Amino acid sequence: MPNLSLDVTPLPAEWFARDVNEVARDLLGAELSATTAEETVTVRLTEVEAYGGAEDPGSHARRGPTARNASMFASAGRVYVYFTYGMHWCANLVTGPEGEGSAVLLRAGEVIEGLELARRRRPSSRSDRDLASGPARLAKALGLTGEHDGLEIGGAAAAGTGSMVVELRAAPAGVTAWERGPRTGVSGPGGSAAEFPWRYWIAGDPTVSRYRAA
DNA sequence: CGGCTGATGGACT
DNA sequence: GTCCATCAGCCGA
């Protein structure tokens with residue numbers, strides 16, 4: 001299935017109204033931009049993970065809505081940002097209808113616009129290809145934090161002293177060279193990692209995060 | 001480049 | 001208490 005054009009605002013709901021795995025795969029190659037204070041960082045998505053609702057043992061939504069995951073249960077086209085490991089923010093795009101709790105975790109990307117700002121935000125990055133080569137790295141390069149949880153794509157929201165606008169454009173011709181495999185850190189009772197090969201990445205792309213299965 | 005390990009705090013049982 | 005949808009720093013090659 002070819003990628004649909006996403007150059008309209010707000011996003012067409014039908015683009016998200018299908019299996020979260022198809023949405024995840026079609027997000028590969030898409031361009032996500034985040035603008036604050038007249039400065040924009042854009043990443044070309046190279047790695048994502050699909051997470052289902054209550055039926056998915058690896059999903060934050062598996063035990064129903066809480067204060068933390070509330071925005072996951074909103075309708076499609078919003079950003080779900082959560083805090084993990086005591087220091088990192090990670091960003092997802094909500095894909096399901098209201099109440100479902102499905103979303104796509106943005107795991108890695110290539111910075112294609114706003115390189116200077118991305119470098120400023122990630123001074124510890126060893127090279128430009130590491131600027132967004134991991135979920136927390138990507139969120140940091142884009143400037144996304146808990147302030148932006150629930151933000152609607154294509155919309156704007158007050159965030160601290162400034163504002164944030166997030167926009168998404170699909171790859172013009174789609175991505176054909178994609179691969180998939182087990183998600184990170186998803187195993188144990190209720191479903192092994194192998195049962196959910198819902199991690200997708202662009203084959204051979206140097207910005208894909210260095211994940212090794214246990 | 002790749003492997004190993006400590007850091008660090010909120011959510012949830 | 002325990003569990004994280006992780007990363008930076010350090011080391012060796």
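These numbers come from a predicted model, not from an experiment. So you know, we letter chains A, B, ... as the sequences are listed, proteins then strands, and number each from 1.
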* Face-to-face stacking of Tyr85(A) with dC4(C), centres under 5.5 angstrom, angle under 30° -> yes
* Asked: For Asn92(A), which contact category applies under a 4.0 Å heavy-atom criterion: base, sugar-phosphate, or nothing?
  -> base
* What does Arg122(A) touch in the nucleic acid at a heavy-atom separation under 4.0 angstrom: a base, only the sugar-phosphate, or nothing? -> sugar-phosphate
* Taking only the side-chain nitrogens and oxygens of Thr84(A), find out if one of them lies under 4.0 Å from OP1 or OP2 of dG10(B). => no
* Report yes if at least one side-chain N or O of Arg107(A) is closer than 4.0 Å to OP1 or OP2 of dT6(C); otherwise report no. => yes
* Structure fact -> Of the candidates dC1(B), dC12(B), dA5(C), the side chain of Arg129(A) sits closest to dC1(B)
* To do: Have a look at Arg126(A) and say if it touches a base, only the backbone sugar-phosphate, or nothing, with a 4.0 Å heavy-atom cut-off.
  => base
* Asked: If only side-chain N and O atoms of Arg63(A) are considered, is one of them under 4.0 Å from the OP1 or OP2 phosphate oxygen of dT13(B)?
  -> yes
* Structure fact -> Which of dA5(C), dC7(C), dG10(B) is nearest the side chain of Phe83(A)? It is dG10(B)
* Nearest to the side chain of Pro135(A), which nucleotide is it out of dA11(B), dG9(C), dT6(C)? -> dT6(C)
* Asked: Does Leu105(A) reach the side chain of Tyr51(A), with side-chain heavy atoms less than 4.5 Å apart?
  -> yes
* To do: Step through the shown structure and confirm whether more than 12 heavy atoms of other residues, nucleotides or ligands are within 6.0 Å of CD on Glu55(A).
  => no
* Please check if the side chain of Arg107(A) supplies one atom and the backbone of Glu47(A) the other of a donor-acceptor pair under 3.5 Å. => no
* Asked: Would you call Glu39(A) and Arg120(A) a salt bridge, using N to O less than 4.0 angstrom?
  -> yes
* Asked: Which nucleotide in the list dG9(C), dA5(C), dA11(B) gets nearest to the side chain of Ser124(A)?
  -> dG9(C)
